[in-house]
Structures are given as structure tokens and as C-alpha cells.
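Structure, as C-alpha cells:
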Number of protein chains: 2
Amino acid sequence: MRSEIQPGGQKARSFIEEARRDQIVRAAVEVIAEVGFARASLARIAQRAGISKGVISYHFAGKEELMEQVVDRVYAQIGEFVVARMEGAESAAELLRTHIVSVAEHMRANRVQLTALGEIFNNLRTTDGEPRYGVHTSEGLYQALESIYRRGQDRGEFRAFDVRVMAVTHQAAIDAMFAYWQTHPEHDLEAHARQLADLLERACT
Amino acid sequence: MRSEIQPGGQKARSFIEEARRDQIVRAAVEVIAEVGFARASLARIAQRAGISKGVISYHFAGKEELMEQVVDRVYAQIGEFVVARMEGAESAAELLRTHIVSVAEHMRANRVQLTALGEIFNNLRTTDGEPRYGVHTSEGLYQALESIYRRGQDRGEFRAFDVRVMAVTHQAAIDAMFAYWQTHPEHDLEAHARQLADLLERACT
DNA sequence: TGAATTTCTGACCGCATGGCCAAAATTTAG
DNA sequence: CTAAATTTTGGCCATGCGGTCAGAAATTCA
């Protein structure tokens, strides 16, 4: 027995184990971004990490848990960065613009993570064949965006519109901005982000 | 030799062969929509079509050609429907609204095709590992949308903005609308389409 | 130091895949 | 009707997959 179940449901992990998990997750991010989800086998990830394939099975319950770890860690990073930038913003319009611009800024500096996240999002399926991520897992994100838009409506900044449609569109527009940038690396991401912020702000007023 | 290369680059196909190809393509659409791209093996598709696996290999050069056929045929259907609806529209705003609403209308009646298209779009890769479809294959679509937006600018209907950003956002918003509808079948697709048309129209003026 | 524990290795398993092909069945042409 | 051409079958192959495991190596602990 290498660890016990803790009250919180988390395993107690040694430093070494945590370091290994980090290393494997990072290797997974790189491999997925390079060759795509379908070709990102445990063998390739292990090779990239410079370890034997069995180590992954030793530290992770299976491929699914590894992929979920990738998602969780990347998401945590993004959230940390963006939330910090949004603090202090007052108006809804300002919140909007800050959200878009800061996500863009962070992702420009972490391109591989973005690619890997997209791959997992689009491809990972649970054992029974259903997509593991998708619109249904974005519910929390949508609600967060909705609260911004609703705030704008309450403050009289924004007109009346369906906040769910706006939130879905908002998130899709950001994703598309990244997708476009990924295939057109010379594309000016920051300029796109500003244009998008203008666009959405006008759509609300 | 079962067929010769024609001047146009197309093979000359017998009625029987064309019918078989149609049948296989339709089976592929169904299977992909049901179990996803990764699990849509040639065996499953053949089983669905009620034929032997080898038949697919006989009529298609490989899995990639089959998938491309699926995309081509579904795209052709969508284009035919939408273009017919857009004829007669005068103002750019009207064109915009018609585009969004008619795509939604068509897809509501052809849900499996939409799902299959998305699966292939996200997963199909060429032999060398590069994504077969993606932003880079949407160039034609973007240009078509840009021409609408530019028309609006020329006519003085629309303000000055980056038409490429608008086109990318426009397409992404439509895709997201479908994705949301797919996981929330009770969602009112037509209402969403109308909201989206309002939203984009306001963003332009 | 020496024993206990954790971590790692490399071979191996069962399985599903895409593709291949000889032979059978069917359709077409003379 | 017969022969040629087309189409289909069903089994076979090599490959790569995720996962497992016994035993070796490394680390920790007493």
C-alpha cells in the first residue's frame, strides 16, 4: 500500500510521486499538442518523459485519469491568471474586455497547453463511449459569464438579451480566436482580442 | 481496371458503384454520429450497411477517402439549401440573418449529419498526422462571410471593423449554437438563431 | 548495515484496428 | 449458354493499443 485515502478523498502523495505526476502530465501536454489526442499513446508519453510505460500505470489509475489531470492543471493555471487580472474591474464592459484580453495574453504564452486542452476536450470519452468533456461540462463557465452579462443588464449598461446565448457565443468566439491563431501564427492575437471585445460590447448595448 | 480517369479528374462510376458508395457514406454518417469518430471502424460501418468489410476497401481508396466523401456530400447539401434561401436578400443585415437562420433550420432537420461532420472535422488526420480539416480548410467559408460583411460596410450599413475577426466569430457562434443544442436537445434552436442574428447585427452597427 | 518499502523496468497479454487477398458469387457481354 | 468482368466474401495479417505483472532497482527506515 503506497498511500491511504484521506478524509477529503485525496491521496496523500510523497514529493517524489507528485513530481513524477507533474513530469508525466507535462509530457502528456507536449505529446498531445504535437501528435494529437488519437496518437498520444501511453508509450509515446512515457518515451517523451524518458521513463518506462509502466510508470504511468503505476502513478495514474489509467489514461482517463491522466487526461483529467492535464485538464485540471491547465484550467487551474488559466483561472488563476485571469481572475487576478479581473480583480478591480468595475463595469461589466470592463470585466468583459479584461476577460477576453487576459485569456488571450495568457494563452499566447502557453500555446501547447491550449492545443492539448482542445484535443482532450474534443476527443476524450468515458468508458461507455460518451464524450468526457463538452458543452455539458462548460456549465460552470457559462454561469460565470452569464453573471457578468446579467450584472451589466442590472446596472443598465446592457440591453435585454438572452444571457445564455451571449455566454455561449462569448466562449465560442474566444475558442475560435485561439483556433485561428494556431493555424495562422502570424495573426495578431492581441488585436483580435481587442476587436472581439469591441464586437461583444456593441452587441450588448 | 474497373474505371478510367476522366478529363475532369473524376472516375466514371457505374450506377451500382455509385449506389454502393452512397449507401456506405450514409452508414458512415450514422455510425460516426452514434459512437464517435474514434470508434467508427470500417467493420462497424460495414455492419451497419449490411455488407462485408472488404466492400468498403473495394469502393474507397481507404478510410480517409471515405471520410472526405462524407464531408463533401454533407457540405454540398448544406450549401445547396442555404444558398437557395439567401437568394433575393438585399441588405447585408438581411443576408446575415438569413444565413444564420437557414443553417439552423437545415441542421435541425439533419442532426446526425451535423454530428458526424463535427466528429470528422475534429478527428480526421492525414497520413502524416496533420489535421485534415480545421481553420485552414475554412478559408473559403470565411471569405464568403467576409464578402457579406464588406458589402454591408460598402453600403454604409455597417461600421468599420475587421471583417476577418467578424467572419471567424460568426462561424464559431453558429458552430457553438449547434454544439449547445446537441447537448441540450430541448434548447430552442430557432430562438437561439434569432438572438444570434440580433447580436451580430448590433455588433456591426 | 540490513530489512522493508517504494518505484521502475521490460516483457507480455488480449484486443481492435486498417488493410489485404484468394476464392466465390454475381452481373454483363458475346 | 458460356466466358469475361465486376463485385463480394470472410478470413488473415501486422501493427499498435491500454493495461498487467514478476522481478529488479532504488530509496527509506531502524
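Labels below follow one simple rule: chain letters A, B, ... track the order of the sequence lines, proteins then strands, and each chain is numbered from 1. Predicted model only: the values in this text are computed from it and were never measured.
Contact annotation: A:Y58 side-chain N/O to C:dT7 OP1/OP2 distance is under 4.0 Å.
Both the sub-6.0 Å distance and the 45° axial angle are not jointly satisfied by A:K53 relative to the ring of A:F60.
Judged by distance alone with a 3.5 Å cut-off, no donor-acceptor contact links the side chain of B:K53 to the base of D:dG10. The base of D:dG16 is not paired with the side chain of A:S41 by any donor and acceptor separated by under 3.5 Å. Evaluation of atom-type donor-acceptor distances gives no pair under 3.5 Å for the side chain of B:S57 against the base of C:dG19.
Separating the CD1 atom of A:I56 from the C1' atom of D:dC21 is a distance of 17 Å, rounded to the nearest angstrom. Between the CD atom of A:Q47 and the C1' atom of D:dC17 there is a distance of 15 Å, rounded to whole Å. Note: CD1 (B:I51) to P (D:dG11) measures 17 Å, nearest angstrom. Rounding to whole angstrom units, CD of residue A:E18 and C1' of C:dT7 are separated by 15 Å. One interatomic measurement links the two molecules: NZ of B:K63 to C1' of C:dC20, which rounds to 17 Å at whole-angstrom precision. When rounded to the nearest whole Å, the span between CD of B:E65 and P of C:dG19 equals 11 Å. Atom C1' of nucleotide C:dG18 and atom CZ of B:R44 are separated by 15 Å, given to the nearest angstrom. Remark: P of D:dC17 and CZ of B:R39 are 17 Å apart, rounded to the nearest angstrom.
Relative to the side chain of A:R20, the nucleotides D:dG18, C:dC8, C:dG19 differ in distance, and C:dC8 lies closest. You'll find that the side chain of A:L42 is closest to D:dG19, out of D:dT9, C:dG18, D:dG19. Taking the side chain of B:H59 as heavy atoms from C-beta on, and the options D:dG19, D:dT8, D:dT9, the nearest nucleotide is D:dT8. Checked against C:dT9, D:dG10, C:dG18, the side chain of A:S52 finds its nearest nucleotide in C:dT9.
We find that A:E190 and A:R108 are joined by a salt bridge, their nearest charged nitrogen and carboxylate oxygen being less than 4.0 Å apart. Between B:E64 and B:R125 there is no salt bridge, since no side-chain N of the basic residue sits under 4.0 Å from a carboxylate O of the acidic one. Remark: A:E30 engages A:R48 in a salt bridge, criterion side-chain N to carboxylate O under 4.0 Å.
Separation of atoms CG (A:L199) and CZ (B:R202) is listed at 13.5 Å; rounding is to 0.5 Å.
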